[in-house]
Amino acid sequence: MKPKEAVLPPLNAEAPVPGPAQAELWGSDAIAQCLRAMDIPYLALNPGASYRGLHDSLVNHLGNASPQMLLCLHEESAVAIAHGYAKASGRMMGAVVHSNVGLMHATMAVFNAWCDRVPLLLLGATGPWDAARRRPWIDWIHTASDQGALVRDYTKWDNQPGSVPAAVEALLRGAQIAQTAPHGPVYVNLDAALQEAKIGALPAPPQAARHAPPGPAQPAPADVARAAALLAQAANPVILFGRMSRDVDDWQRRVQLAEKLQARVITDLKTGACFPTDHAQHAAPPGNFMAAGACATLREADVVLLLDWVDPGGAFKQALEGAPVSAKVIHVSVDSHLHRGWSMDSGSLPPADVFMLCDPDAAVAALLDAVSARPQRAWPTPPALPPLPDDDVVSIRGIADTLAAASQGMEICIARLTLGWNGAYRHFHHPLDYLGSDGGGGVGAGPGNTVGIALALRDSGRLTVGIIGDGDFLMGNTAVWTAVHYGIPLLLIVCNNHSFFNDELHQERVARARERPPENKWIGQRMADPEIDIAQMARSMGAEGIGPVKQARDLRAAIEQGLEHVRQGKVCVIDACVAPGYDTNMSGAAASSHKR
Ligand SMILES: Cc1ncc(C[n+]2csc(CCOP(=O)(O)OP(=O)(O)O)c2C)c(N)n1
Ligand SMILES: [Mg+2]
């Protein structure tokens with residue numbers, strides 16, 4: 001976690017007019033005061049009467065600052081923005097959603113944050129729990145007897161406090177749980193009647209610093225010694241870096257450990273950058289599924305160091321195609337603390353000869369001290385990508401190359417990557433060069449995650465660029481309005497293949513397996529007739545819209561112009577009409593993308 005900024009960056013705030021001095025105070029004033037004491041910087045929200053008390057307190061009691069509201073046009077984008085912000089900043093923000101219906105909209109994004117192990121303080125509300133105080137009809141349809149059950153299977157904790165002191169305790173406890181690894185969302189449901197009750201004097205603000213989350217779990221020295229002994233004997237050690245920190249010192253320690261051990265390294269596109277992808281020991285381009293070269297490397301390993309890898313058992317299943325794991329395995333993760341039993345997102349169970357239940361970067365630091373340097377080995381040069389065909393077709397690879405050329409000398413954060421991205425298209429050299437995927441595979445998170453990341457990086461000098469699919473954009477695009485409204489600069493490059501193309505590939509595989517016509521794969525997938533004007537959609541929300549770009553020769557000017565808009569503090573969306581097709585493994589097969 002990074003230290004918090006000294007002052008909140010000034011966004012285009014919606015400033016309330018000051019009201020008269022108030023004798024009367026309300027339950028929600030105490031709750032708002034607690035959120036300020038907890039240093040929650042922003043609350044992304046969509047409004048609703050169930051929390052009109054809290055809404056009033058945030059505006060008229062706190063003056064819409066610390067926390068500042070960020071109005072969102074859909075609850076899914078409110079949560080996705082909070083998700084992205086935490087990924088880039090290491091700081092938790094909040095989201096507020098209306099009684100049951102708002103929470104229902106939010107669920108997809110809560111699941112994404114859960115699977116991505118990202119902290120989130122989600123606030124909601126219920127119509128008065130005291131039935132005698134409910135307004136007819138609306139308070140009845142917006143009151144549920146166990147609202148938290150909607151998200152309980154993919155939140156770490158939820159609570160419906162029965163009094164103002166209990167609400168303060170719930171917020172403090174929830175924030176502590178959310179920010180204790182494995183991180184995740186928590187849900188606090190605030191009764192409308194409790195928010196709107198008169199309370200007399202405000203309680204003293206809570207001492208939030210005394211309810212801080214614990215520091216990272218450290219490895220047991222005996223486990224470090226056992227792991228170091230295994231690594232010392234290894235002929236072919238391999239390290240899989242999964243969910244690692246955004247800290248630059250941690251990054252350097254990872255490089256030092258890999259070099260000291262002369263181990264090969266595998267990284268993942270589902271998680272943020274954590275190792276230089278053009279390092280000689282980096283085995284193969286990262287992907288959503290492991291590339292053939294990564295699978296081959298894992299097959300040859302005799303000792304494997306798994307550092308909080310997403311689906312650790314699945315890595316072996318993919319590489320070994322179901323054969324038993326003969327390598328010794330050192331498994332480092334606290335993820336087994338997250339077990340609800342509903343979602344299977346923990347992945348397949350790996351064998352472990354040493355199981356270190358601790359922070360993966362703490363394990364790296366300890367192992368770095370415990371292992372001795374080994375003689376330098378020669379590493380094969382990775383195969384270069386074939387040259388781009390000299391035609392005028394817009395491709396994802398063409399976008400990657402053009403962005404690289406147009407952004408020379410600029411610091412860029414790639415907030416998201418589209419599904420067809422091949423990890424060889426661009427190298428990562430810093431923890432903020434790339435921030436990983438949505439966690440839960442919920443299409444529609446891309447725009448919101450990108451806005452949250454851009455919010456966190458707003459004053460960093462790094463430009464935020466999200467490279468996303470058209471399906472992803474069309475499901476989550478209204479986050480663009482929030483970015484424009486509050487002045488959060490970013491560039492979205494939409495790889496528009498006019499299709500939910502990933503699923504065309506699935507239909508093709510099924511058709512081939514059943515000896516049916518694969519040319520029907522587009523039916524029920526293609527977004528054509530009419531084609532949607534994505535640049536026009538962006539313009540309708542106040543963003544700069546460029547495109548549709550249909551010829552490769554127009555890409556350079558479009559991306560240069562897009563980057564310039566972002567440097568001027570604007571939001572820009574480029575509609576890049578890419579030819580359908582992937583040159584990366586999106587099937588999970590061991591050797592090639594065409595196997596299944
Ligand atoms: C909420 C949700 N609905 C459906 C899916 C199934 N799905 C997986 S990938 C995908 C297509 C995404 O389209 P796009 O973002 O345009 O990327 P493309 O597949 O075209 O590369 C779909 C529909 C999903 N993962 N999440
Ligand atoms: Mg698409």
Side-chain angles (χ1 to χ4, degrees), residues 74-77 79-80 83 104-116 151 154 269-270 287-289 310-311 343-345 393-400 414-423 425 436-450 465-480 492-510 521-535 537-538 547-550 573-588 593 596:
H74 195 293
E75 288 81 356
E76 211 176 294
S77 75
V79 173
H83 177 171
M104 286 172 180
H105 262 187
T107 50
M108 175 70 261
V110 177
F111 181 71
N112 276 336
W114 161 269
C115 291
D116 210 21
V151 288
Y154 39 94
L269 274 190
K270 297 191 290 303
N288 284 307
F289 296 97
V310 176
D311 191 0
S343 166
M344 301 296 147
D345 59 85
V393 175
V394 180
S395 64
I396 303 174
R397 163 91 183 279
I399 291 173
I414 302 291
R416 287 295 301 268
L417 285 171
T418 188
L419 291 172
W421 187 271
N422 180 323
Y425 289 168
S437 188
D438 47 58
V443 173
N449 286 172
T450 304
V465 179
I467 302 174
I468 63 175
D470 51 328
D472 198 17
F473 178 81
L474 291 167
M475 282 197 201
N477 67 83
T478 59
V480 167
L492 278 178
I493 304 177
V494 180
C495 299
N496 184 3
N497 50 22
H498 303 103
S499 176
F500 292 104
F501 180 74
N502 184 60
D503 290 88
E504 287 197 40
L505 291 183
H506 283 295
Q507 294 320 125
E508 182 177 338
R509 279 177 210 119
V510 172
K521 65 181 182 180
W522 63 275
I523 296 174
Q525 312 269 8
R526 234 14 103 80
M527 290 174 274
D529 302 319
E531 285 186 359
I532 299 162
D533 188 340
I534 284 175
M537 286 177 76
V549 179
K550 297 201 164 180
V573 178
I574 299 177
D575 178 1
C577 297
V578 297
Y582 289 170
D583 68 351
T584 185
N585 180 3
M586 274 303 292
S587 74
S593 55
R596 330 184 209 144

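Every number for a ligand or one of its atoms is a count from 1 in the order of the listing.
Salt bridge Asp438/Lys270: absent, no basic N to carboxylate O contact under 4.0 Å. In summary, Glu531 and Lys550 engage in a salt bridge, as defined by a charged side-chain N under 4.0 Å from a carboxylate O.
Looking at Leu419 against ligand 1, only its side chain comes within 4.0 Å, counting heavy atoms. By the criterion of a heavy-atom distance under 4.0 Å, the side chain of Asn497, and not its backbone, is placed next to ligand 1.
Heavy atoms of Ser499 approach ligand 1 to within less than 4.0 angstrom. For the pair Tyr582 and ligand 1, a heavy-atom separation below 4.0 Å is found.
For a threshold of 3.5 Å applied to N or O pairs, the pair formed by Met475 and ligand 1 contains no separation below that value. Checked against a 3.5 angstrom limit, the closest N/O atoms of Met108 and ligand 1 fall outside it. Where the criterion is an N or O separation shorter than 3.5 Å, residue side chain and backbone included, Phe500 fails it with respect to ligand 1.
Atoms of ligand 1 found under 4.0 Å from any heavy atom of Gly471 (numbered from 1 in listed order, with element): 13 (O), 14 (P), 15 (O), 16 (O). Near Gly469, the atoms of ligand 1 lying under 4.0 angstrom from a non-hydrogen atom of the residue are 14 (P), 15 (O), 16 (O). Close approach of ligand 1 to Asp503 (heavy-atom distance below 4.0 Å) involves ligand atoms 6 (C), 7 (N), 8 (C), 9 (S), 10 (C), 11 (C), 22 (C), 23 (C).
Among the atoms of Ser499, an N, O or S atom falls under 2.8 Å of the Mg ion (ligand 2). Asn496 lies apart from the Mg ion (ligand 2) in this respect, since none of its N, O or S atoms is found at a distance under 2.8 Å.
Take the N/O/S atoms of Asp470: the one nearest the Mg ion (ligand 2) is OD1.
When side chains are defined from C-beta on, Gln507 does not count as touching Trp522, because their heavy atoms never get closer than 4.5 Å.
Within a 4.0 Å radius of atom 4 (C) of ligand 1, the protein has no heavy atom.
Taking all atoms of both residues into account, the shortest heavy-atom contact from Asp470 to His498 is OD2-N, 3.0 Å.
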